[in-house]
Amino acid sequence: MSLPIVTLPTDERWDCHQCGICCRGSLVPLSDEDLARLRSQHWENHPDYRATAVIAPNGIFGGYRLNQRADGSCVFLNEQGLCRIHAELGFEAKPTICRVFPLQLIPHEKQAILTLRRACPSSAVDRGQDLAGHLPLVQEFVQTGRLAAESVSPPQLKRGEVREWRSVRLALGALARLMQDESYPPVRRIVHALQFASLLERARTASMDHAQLAELVGVLEKVCLDEATPFFTDRPRPAAAAGVLFRLLALDYVRLHPGYRPQRRWLERAHLASVAWTMTRGRGKLPQLHPDFPPLTFAQLEEPLGRIDPAVYKPLSRFLETAAASHVYALANRSGWSVIDSLRGLAITLPIGLWLLRWTSAGREPTVDDMVNIVVALDRGQGYAALKGWQHRLRLRMLARLNALEPLVAWYAR
């Protein structure tokens, strides 16, 4: 039986404004139903597709996906920036993911939360109708089996510690409250959450029953507020080893920024190997990674941003708040990750976002559009293989062992 579907108490809004961003740089896997529908449309008889395949193997994931052009755009994206399937055959003719995106259903134990992927510029700024207006479409897809709304098992509380849902909810709830506490600025909330996670990780919780864990979580939720203060009294530059790990993490997000143009596979691998070495050294000029990023030096990315217009900051803070409220960071696309690992994966996106903002807006005032494109990249990381695998998790754990996550957040928020 399907779970009841609810929306978040926070006001999320979206409508499609036909920007075409979701049709560029995104892999769209196809269900058997999608494949059958596409084949029945006989695109091989269309003059523009007689020599162009519309589907391609989906690599290590198996099955098939929509094909892409050399620049990473969907083979169905037309000259007007619209979906050709939609334009010629209607909304119902599109693959399921294309019809649903950026709506996202997050199943829990007793309910499924309908939220938004912020990888759409319109959803990143909450532009459109209230999310409740999209419920009928989602409910239809659940009833027909195109979307899953079944109860899921809880993630590990921390590495190797499996608890029942009610115990995991204690930690998820505390982290959501810390991340949405409007009496503190977003950067401070992130450090509060990181401190809570670190304190919980060090606590001997394996032998605690639910009542004892609930008492501990209540104490840590208060203690972490004071534990965060030293990170803001004197913001020292993060250690060199932490800087290397941070830049390598940030590199993956640069590749997800709208407008990134991948090269042929073997050229891309050679290019990224060279770039990784440059990022490891962290000196001199930044590599040319993105056609829209201005030339800059590593040293310039360490300079303070100064005061940012709250409107510019808002898409990033909304991305973090809604991820915490829906628990999407811990429940979607990161199989085998603990709540603590996943929280750290979410937290690192704030300094990476502000690092990218320094780069993309160098020499001028940052704009809302700058931040929206950054949030698109950060949210795309949710489904990106390199950012949900063991190597990304290992780098986050290494940063945690170096006690570097909180300093990185405080440093790049200067």
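- Summarising the local packing, CZ of Arg414 is surrounded by more than 12 heavy atoms from other residues, nucleotides or ligands at distances under 6.0 Å.
- For residues 383-399, the pairs satisfying side-chain hydrogen bond (donor to acceptor under 3.5 Å, both in side chains) are Arg255-Tyr384, Asp341-Arg397, with sequence neighbours left out.
- Side-chain contact check for Arg39 versus Ile55: some heavy-atom pair is nearer than 4.5 Å.
- Every residue meeting the salt bridge (charged side-chain N to carboxylate O under 4.0 Å, His left out) condition with Glu161, not counting sequence neighbours, appears here in chain and number order: Arg163.
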Extract all donor-acceptor atom pairs below 3.5 Å that involve side chains of residues 400-412 and protein atoms in other chains or at least two apart in sequence.
{"unit_1": "Glu406", "atom_1": "OE2", "unit_2": "Gln195", "atom_2": "NE2", "d": "2.7"}
{"unit_1": "Trp411", "atom_1": "NE1", "unit_2": "Glu302", "atom_2": "OE1", "d": "2.8"}
{"unit_1": "Tyr412", "atom_1": "OH", "unit_2": "Glu302", "atom_2": "OE1", "d": "3.0"}
{"unit_1": "Tyr412", "atom_1": "OH", "unit_2": "Glu302", "atom_2": "OE2", "d": "2.8"}

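- In this structure, Lys158 places its NZ atom where more than 12 heavy-atom neighbours from other residues, nucleotides or ligands lie under 6.0 Å away.
- Applying the 6.0 Å contact sphere to CG of Asp292 captures more than 12 heavy atoms from other residues, nucleotides or ligands.
- Scanning all heavy atoms of the two residues, the minimum distance from Thr349 to Leu378 falls at O-CD1, 3.6 Å.
- Cation-pi geometry between Arg146 and Phe141 is met: under 6.0 angstrom from the ring centre, within 45 degrees of the axis.
- The shortest non-hydrogen separation linking Val168 to Pro154 is CG2-CB, 4.0 Å.
- Scanning both residues, Gly128 and Asp15, for their nearest heavy atoms gives CA-OD2, 3.5 Å.
- Of all non-hydrogen atoms in Leu194 and Ala347, the two that sit nearest each other are CD2-CB, 3.6 Å.
- Within the 4.5 Å cutoff, the side chain of Val28 has no heavy atoms near those of the Gln68 side chain.
- Tyr64 is not listed as a side-chain neighbour of Asn58, based on a closest heavy-atom distance of 4.5 Å or more.
- For the side-chain hydrogen bond (donor to acceptor under 3.5 Å, both in side chains) condition, the pairs that include at least one residue of residues 101-115, sequence neighbours left out, are Glu12-Thr115, Gln104-Gln382, Glu109-Arg169.
- Remark: the Glu44 side chain and the His42 side chain contain an N/O donor-acceptor pair separated by less than 3.5 Å.
- Counting heavy atoms from C-beta on, the side chains of Leu38 and Ile85 come closer than 4.5 Å.
- Remark: the Thr10 side chain and the Arg318 side chain contain an N/O donor-acceptor pair separated by less than 3.5 Å.
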Trace of the side chain to side chain contact (heavy atoms under 4.5 Å, CB included) decision for Thr322 with Leu116: CA-CA 8 Å; Thr322 55; Leu116 288 171; over 6 Å; no
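- One finds the CG atom of Leu220 at 9.5 Å from the CD atom of Glu227 (value rounded to the nearest 0.5 Å).
- Between Ile106 and Ala332, the shortest heavy-atom distance links the atoms CD1-CB, 4.2 Å.
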Worked verdict on Phe76 versus Tyr49 for ring pair (Phe, Tyr, Trp, His ring centres under 6.0 Å): CA-CA 10 Å; Phe76 285 113; Tyr49 295 96; 5.4 Å; yes
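- Ring centroid separation for the pair Trp355 and Tyr253 does not come in under the 6.0 Å cut-off.
- Each salt bridge (charged side-chain N to carboxylate O under 4.0 Å, His left out) pair with one or both residues in residues 349-371, not counting sequence neighbours, appears once here: Arg364-Asp370.
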Using residues 93-101 as the side-chain source, report each donor-acceptor pair under 3.5 Å to any protein atom, sequence neighbours left out, with the distance given to one decimal.
{"unit_1": "Lys94", "atom_1": "NZ", "unit_2": "His86", "atom_2": "ND1", "d": "3.4"}
{"unit_1": "Thr96", "atom_1": "OG1", "unit_2": "Asp34", "atom_2": "OD1", "d": "3.2"}
{"unit_1": "Arg99", "atom_1": "NH2", "unit_2": "Glu92", "atom_2": "OE1", "d": "2.7"}

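- In this structure, the side chain of Arg247 engages the main chain of Met279 through a donor-acceptor pair within 3.5 Å.
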